[in-house]
Amino acid sequence: MSLPIVAIIGRPNVGKSTLVNRLAGGKEAIVHDEPGITRDRTYKPAFWNDREFQVVDTGGLVFDDDSEFLPEIRQQAEYALAEASVAIFVVDGQLGPTSADLEIADWLRHQNVPVFLTVNKCESPEMGLAQAAEFWELGLGEPYAVSGIHGSGVGDLLDAVVENLPPVSELEEIEEIKVAIVGRPNVGKSSLLNAFVGQDRAIVSPISGTTRDTIDTVVERNETRYRLIDTAGIRKKKNVEYGAEFFSINRAFKAIRRADVVLLVIDAIDGVTEQDQKLLGRVVDEGRACVLIVNKWDAIDKDSYTMYDYDRHLDDRLYYVGWAQRIYISAKTGQRVQKILDLVDVAATEHKRRVSTSVINEVLEEAIAWKSPPTNRQGRQGKIYYGTQVRTQPPTIALFVNDPKRLNDNYRRYIERQLREQLGFTGTPMRLLWRGKKARDVEDRGSSNRAVRV
């Protein structure tokens, strides 16, 4: 569904991210008592009455300073306004109008988008209207007195905002795949995002930690929408201090959890590190589909054997995710970047694919014929009666057996390997649930169950 966009604009530390959390009904944006926490623009879903929309948080605008990141932050705000249906200009009611507010107001008057002046931090019902009244001088119409922390006045603001948005019935239905871009700091995640969309969607800098919050970007191709989620670089836990980076990493972990497919970006120069292995372990634990992205491939001296040697390096270090597709790219030059979405399509499809019980049992029957379950020291043999897929995302197959303890790890790996080879599930982890079941219960069901017996 193509949702309209509401952009949140304002100078630093006026409470934009707090208001975003209030509008989106959660605590997704990072809120910390430090100016400049939000640098890129971040998208959060929201709704009010019969309207659904996306709220876009932007970095604090400063026009008279070109120090580090500030020009890029202004550029991000301009991009947000260009795609927005409505802009909410947030000011600080406790400080009153400032010269920076006047400068932003003058800039907004030249933008082709409705602007709603929102006076935040009006926690006192008695003083709120008086605080808001001071902002008439900005010349942007009626100021709305709100409290992002307590929620007072937000309903009146939203009533006015949604009048400029189309109802849900008029929005276009379109499939969406959520794709999280994760990796260590400075491996090229933001550069990859920018290469996808063809513009400076995220601020790119050689300084580690430039991206602090998760950033949602929507890209459409072949009637499919991809929600690309750029995340903060994830360092080793012992190197992370409590503060902005701590919250950023938690948001990155949440992005993995809500994604359909995770793009794990690996630096081709550094190779697979211990931190890459840990990140991939988290992706597997969360049951997310995954594509391995080896970035900075243009910086590697190559011959006819380079890619084969690097494949062996990945196989050795990431042997436990042999099912994950991989691609060698350069986000800087755009080499093979557009092919990534083809791999995402495959992984997303396999992640939610369901296989019939009859097909699963045919695979099990053939696997058992080639290699029977082991027998313990007491002469009791393990038996697999039948299997069935019980859920998707990730594909999960329940195997009903006489006693799970009689099937050792080697045999379980053999069954998983046979299921993987015959059923595919490319790009997604697969989970097997070994459930004990008395043999006589299965016998009572009769042959109609297509039970597989040894």
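Electrostatic pairing of D315 and R326 counts as a salt bridge here, judged by a charged N lying under 4.0 Å from a carboxylate O. Comment: E350 engages R353 in a salt bridge, judged by a side-chain N to carboxylate O separation of less than 4.0 angstrom. A salt bridge between D57 and K16 is absent, with no side-chain N of the basic residue lying under 4.0 Å from a carboxylate O of the acidic one. The pair D285-K278 fails the salt-bridge criterion, with no side-chain N (NZ, NE, NH1 or NH2) lying under 4.0 Å from an Asp/Glu carboxylate O. Remark: D345 engages R221 in a salt bridge, criterion side-chain N to carboxylate O under 4.0 Å. Under 4.0 Å is where a charged nitrogen must lie from a carboxylate oxygen, and between D276 and R184 at least one such pair does.
Under the 3.5 Å distance criterion, the side-chain polar atoms of T428 are left unmatched by any main-chain donor or acceptor of F425. A donor-acceptor contact shorter than 3.5 Å links the side chain of S330 to the backbone of T333. Proximity of a side-chain donor or acceptor of H313 to a complementary backbone N or O of V272 within less than 3.5 Å is detected. At distances below 3.5 Å, not a single donor-acceptor pair connects side-chain atoms of R336 with backbone N or O atoms of I327. At least one donor-acceptor pair closer than 3.5 Å links the side chain of K302 to the backbone N or O of I300. Using modelled atom types, one side-chain atom of Q277 and one backbone atom of R317 make a donor-acceptor pair closer than 3.5 Å. Between the side chain of Y414 and the main chain of D409, no donor-acceptor pair closer than 3.5 Å is present. A donor-acceptor contact shorter than 3.5 Å links the side chain of Q325 to the backbone of L343. For the pair N120 (side chain) and L19 (backbone), a donor-acceptor distance under 3.5 Å is absent. Distance alone, capped at 3.5 Å, is enough to place a donor-acceptor pair between the Q381 side chain and the P373 backbone.
The two residues I104 and G10 come nearest to each other via the heavy atoms CD1-C, 3.9 Å. Between K296 and N186, the shortest heavy-atom distance links the atoms NZ-O, 3.0 Å. C290 and L292 get closest at one heavy-atom pair: SG-CD2, 4.1 Å. Counting all heavy atoms, side chain and backbone alike, A46 lies closest to A24 at CB-CA, 4.0 Å. Heavy atoms only, all atoms of each residue included: G387 and L399 are closest at CA-CD2, 3.8 Å. Across every non-hydrogen atom of V154 and S147, the tightest pair is CG2-O, 4.1 Å.
Within a 6.0 Å sphere centred on NZ of K371, heavy atoms belonging to other residues, nucleotides or ligands number more than 12.
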Derivation of the side-chain contact (heavy atoms from CB on, under 4.5 Å) call for Q335 and I329: CA-CA 5 Å; Q335 180 187 23; I329 69 143; 5.7 Å; no
Step-by-step side-chain contact (heavy atoms from CB on, under 4.5 Å) determination, K178 to V261: CA-CA 6 Å; K178 294 185 287 295; V261 181; over 6 Å; no
Intermediate values then yes/no, ring-ring contact (aromatic ring centres under 6.0 Å, His included), Y385 and F400: CA-CA 6 Å; Y385 298 121; F400 294 88; 8.9 Å; no
Test log, rule salt bridge (charged side-chain N to carboxylate O under 4.0 Å, His left out), inputs K189 and D267: CA-CA 10 Å; K189 299 183 298 299; D267 190 318; over 6 Å; no
Derivation and outcome, side-chain contact (heavy atoms from CB on, under 4.5 Å), residues H351 and R288: CA-CA 8 Å; H351 193 231; R288 302 300 91 187; 4.0 Å; yes
Working for side-chain contact (heavy atoms from CB on, under 4.5 Å), residues F53 and I5: CA-CA 6 Å; F53 54 95; I5 291 172; over 6 Å; no
Test side chain to side chain donor-acceptor pair (under 3.5 Å) applied to T306 and D303, step by step: CA-CA 5 Å; T306 303; D303 56 32; 3.1 Å; yes
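N21 and T18 share no donor-acceptor pair across their side chains, judged by distance under 3.5 Å alone.
Under the 4.5 Å side-chain criterion, counting only non-hydrogen atoms from C-beta, I340 is in contact with L192. T118 has its side chain out of reach of F89: every pair of non-hydrogen atoms, C-beta onward, lies at least 4.5 Å apart. Using a 4.5 Å cut-off on side-chain heavy atoms (C-beta onward), Y386 and I360 make no contact. Side-chain contact between V6 and L165: present, with at least one pair of heavy atoms (C-beta onward) separated by less than 4.5 Å. With a 4.5 Å cut-off on side-chain heavy atoms, T357 and Q389 do not count as touching. Side-chain contact between V359 and L423: present, with at least one pair of heavy atoms (C-beta onward) separated by less than 4.5 Å. In this structure, the side chains of L158 and L23 come closer than 4.5 Å at one or more pairs of heavy atoms. Residues T224 and L341 have side chains not in contact (no heavy-atom distance under 4.5 Å, counting atoms from C-beta outward).
Note that the CG atom of L432 and the CH2 atom of W434 stand 6.0 Å from one another [nearest 0.5 Å]. From L280, atom CG reaches atom CG of L264 across 5.5 Å, with rounding to the nearest 0.5 Å. With rounding to the nearest 0.5 Å, the separation of CD in E416 from OH in Y411 is 13.5 Å. Note that CD of E366 and CD of Q422 are 5.5 Å apart. Values are rounded to the nearest 0.5 Å. With values rounded to the nearest 0.5 angstrom, T58 atom OG1 is found 3.5 Å from I9 atom CD1.
A ring pair (Phe, Tyr, Trp, His ring centres under 6.0 Å) check over residues 277-298, counting only residues at least two apart or in different chains, returns the pairs W297-Y310, W297-Y328.
The ring pair (Phe, Tyr, Trp, His ring centres under 6.0 Å) search around H150 returns none, not counting sequence neighbours.
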